[in-house]
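Letters A, B, ... are given to chains in the order of the sequence lines, protein chains preceding strands, and every chain is numbered from 1.
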Amino acid sequence: MPELPEVEATRRHLAPVLEGATIVAVEVRRPRMARRQPRPADIPDRMVGRRIRRVGRHGKFLLTGLEGDLTWVLHLGMSGRVSLARPGEPEPPHTNVVVVLGSGVEVRLVDPRTFGFVAVYTPEEFDHSTPAGLGPDALDDLPRAPELARRMAARAVPVKPLLLDQRFLAGLGNIYADEVLWRSRIAPVRPAGSLSREEVAALRRAIRPTLEAGLRSGGTSLDDLAYLLPDGRAGEHLFRLRAYGRDGLPCRRCRTPIRREVLRQRSTFFCPRCQA
DNA sequence: ACCTCCCTGGCC
DNA sequence: GGCCAGGGAGGT
């Protein structure tokens with residue numbers, strides 16, 4: 001479930017450990033994880049011996065600068081997480097990529113479903129990659145309401161799938177999109193272009209507090225514990241969710257049972273009364 | 001502007 | 001055995 005809050009919580013754990021460290025070894029054990037790299041052998045070739053600069057993030061992408069003007073790209077997909085460990089510590093199953101630092105610390109990418117990926121791009125390669133096409137970051141670069149309204153105008157697409165479109169806004173996933181819509185009292189199926197100015201403003205106002213609430217709890221670890229923080233702890237936001245996963249449970253505002261419907265093949269949870 | 005598929009594991 | 005799952009690309 002890594003969405004923006006989970007990726008940002010991960011980034012904040014990684015930054016102090018990685019920044020300034022030198023990479024001494026890289027092992028890509030599942031070739032599929034390197035599928036976004038034109039020449040997979042470039043991943044270790046470009047990483048080993050290089051010093052790590054800033055660990056950054058855009059939407060759900062971890063973007064880490066390496067000396068030599070390279071960008072180390074990490075995406076966690078549906079089931080990925082990063083684990084920081086010492087050599088010899090027992091490895092969880094599906095440890096698909098291991099990056100060893102000069103300090104001895106191992107950065108492990110664990111991803112059972114392998115929807116995540118790793119890549120190391122030159123500036124030219126980066127410009128043709130997905131992160132280059134992302135919309136503004138939903139937390140760090142959230143557009144003002146008039147700008148959002150302009151970009152939603154005359155669009156027939158329901159507002160929820162638009163919020164999931166990373167070219168529109170980068171960072172929201174299926175959980176936090178539902179949470180944002182619940183907080184702003186907007187029905188997920190509303191055509192994006194049909195929202196009033198006030199509704200767009202309410203939507204905009206809901207985004208930051210929703211994401212920051214998730215971040216404060218260390219993100220949302222679901223029952224399967226696929227997502228964990230790099231130190232192995234679970235994020236504790238699950239029990240604070242207002243809509244996602246609360247099918248049949250009372251709305252925390254009006255007690256009406258939360259409903260689950262499928263919208264564009266994605267589970268969608270909303271209050272049929274508050275979000276009429 | 002849609003679907004389908006990529007994977008694996010867990011639950012019913 | 002079938003269905004479900006945080007995401008995104010690719011094709012129609």
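- For the P atoms, the distance linking C/dG11 with B/dC7 amounts to 15 Å, nearest Å.
- Nucleic acid contact for A/Arg260: sugar-phosphate only, since backbone atoms but no base atoms lie under 4.0 Å from a heavy atom of the residue.
- Using a 4.0 Å cut-off between a side-chain N of Lys or Arg and a carboxylate O of Asp or Glu, A/Arg57 and A/Asp137 qualify as a salt bridge.
- One atom, CG of A/Leu263, and another, P of B/dA1, lie 15 Å apart when rounded to the nearest Å.
- In this structure, A/Leu164 places its CG atom 15 Å from P of B/dA1, rounding to the nearest Å.
- Note: CZ (A/Arg167) to P (C/dG10) measures 12 Å, nearest angstrom.
- Look at OH on A/Tyr227: it is 16 Å from C1' on C/dG7, rounded to the nearest Å.
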> For nucleotides 2-12 of chain B, read 5' to 3', which letter fits each nucleotide if B means a protein heavy atom sits under 4.0 Å from the base, S means only the sugar-phosphate is that close, and - means neither?
Replying inline: SSB-BBBS---
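- Taking a 4.5 Å side-chain heavy-atom cut-off between Ile, Leu, Val, Met, Phe, Trp and Tyr, the cluster of A/Phe126 extends to A/Phe61, A/Leu63, A/Val73, A/Phe117, A/Tyr121, A/Leu134.
- The side-chain tip of A/Arg259 does not point at the ring of A/Phe269 from less than 6.0 angstrom away and within 45° of straight on.
- Comparing C/dG8 with B/dG10, their C1' atoms sit 23 Å apart, to the nearest whole Å.
- The phosphate of C/dG8 (OP1 or OP2) has a side-chain N or O of A/His75 nearer than 4.0 angstrom.
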> Where each pair must be Watson-Crick or G-U wobble with both distances under 3.5 Å, what dot-bracket representation of DNA chain B is obtained, with crossing pairs in [ ] and other-strand partners as |?
Replying inline: ||||||.|||||
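- Side-chain contact between A/Thr130 and A/His75 is absent, with no heavy-atom pair separated by less than 4.5 Å.
- Atom CZ in A/Phe117 sits about 8 Å away from atom C1' in C/dG8, given to the nearest Å.
- For the pair A/Glu199 and A/Arg190, the salt-bridge criterion is met [side-chain N within less than 4.0 Å of a carboxylate O].
- Surrounding CZ of A/Arg35 are more than 12 heavy atoms belonging to other residues, nucleotides or ligands, all under 6.0 Å away.
- A cation-pi arrangement is absent between A/Arg246 and A/Trp182 under the rule of less than 6.0 angstrom and at most 45 degrees off the ring axis.
- A donor-acceptor contact shorter than 3.5 Å links the side chain of A/Gln37 to the backbone of A/Val120.
- Put simply, CE on A/Met33 is 13 Å from C1' on C/dG8, counting in whole angstrom units.
- Look at CZ on A/Arg35: it is 12 Å from P on C/dG8, rounded to the nearest Å.
- Residue A/Arg36 is classed as a sugar-phosphate contact, given heavy-atom separations below 4.0 Å to backbone atoms only.
- Across the protein-nucleic acid pair, A/Asp111 atom CG and C/dG8 atom C1' stand 13 Å apart, rounded to whole Å.
- More than 12 heavy-atom neighbours from other residues, nucleotides or ligands sit within 6.0 angstrom of CZ on A/Arg253.
- Map A/Thr130 and A/Tyr244 each onto its nearest nucleotide of DNA chain C; the residue landing nearer the 5' end is A/Tyr244.
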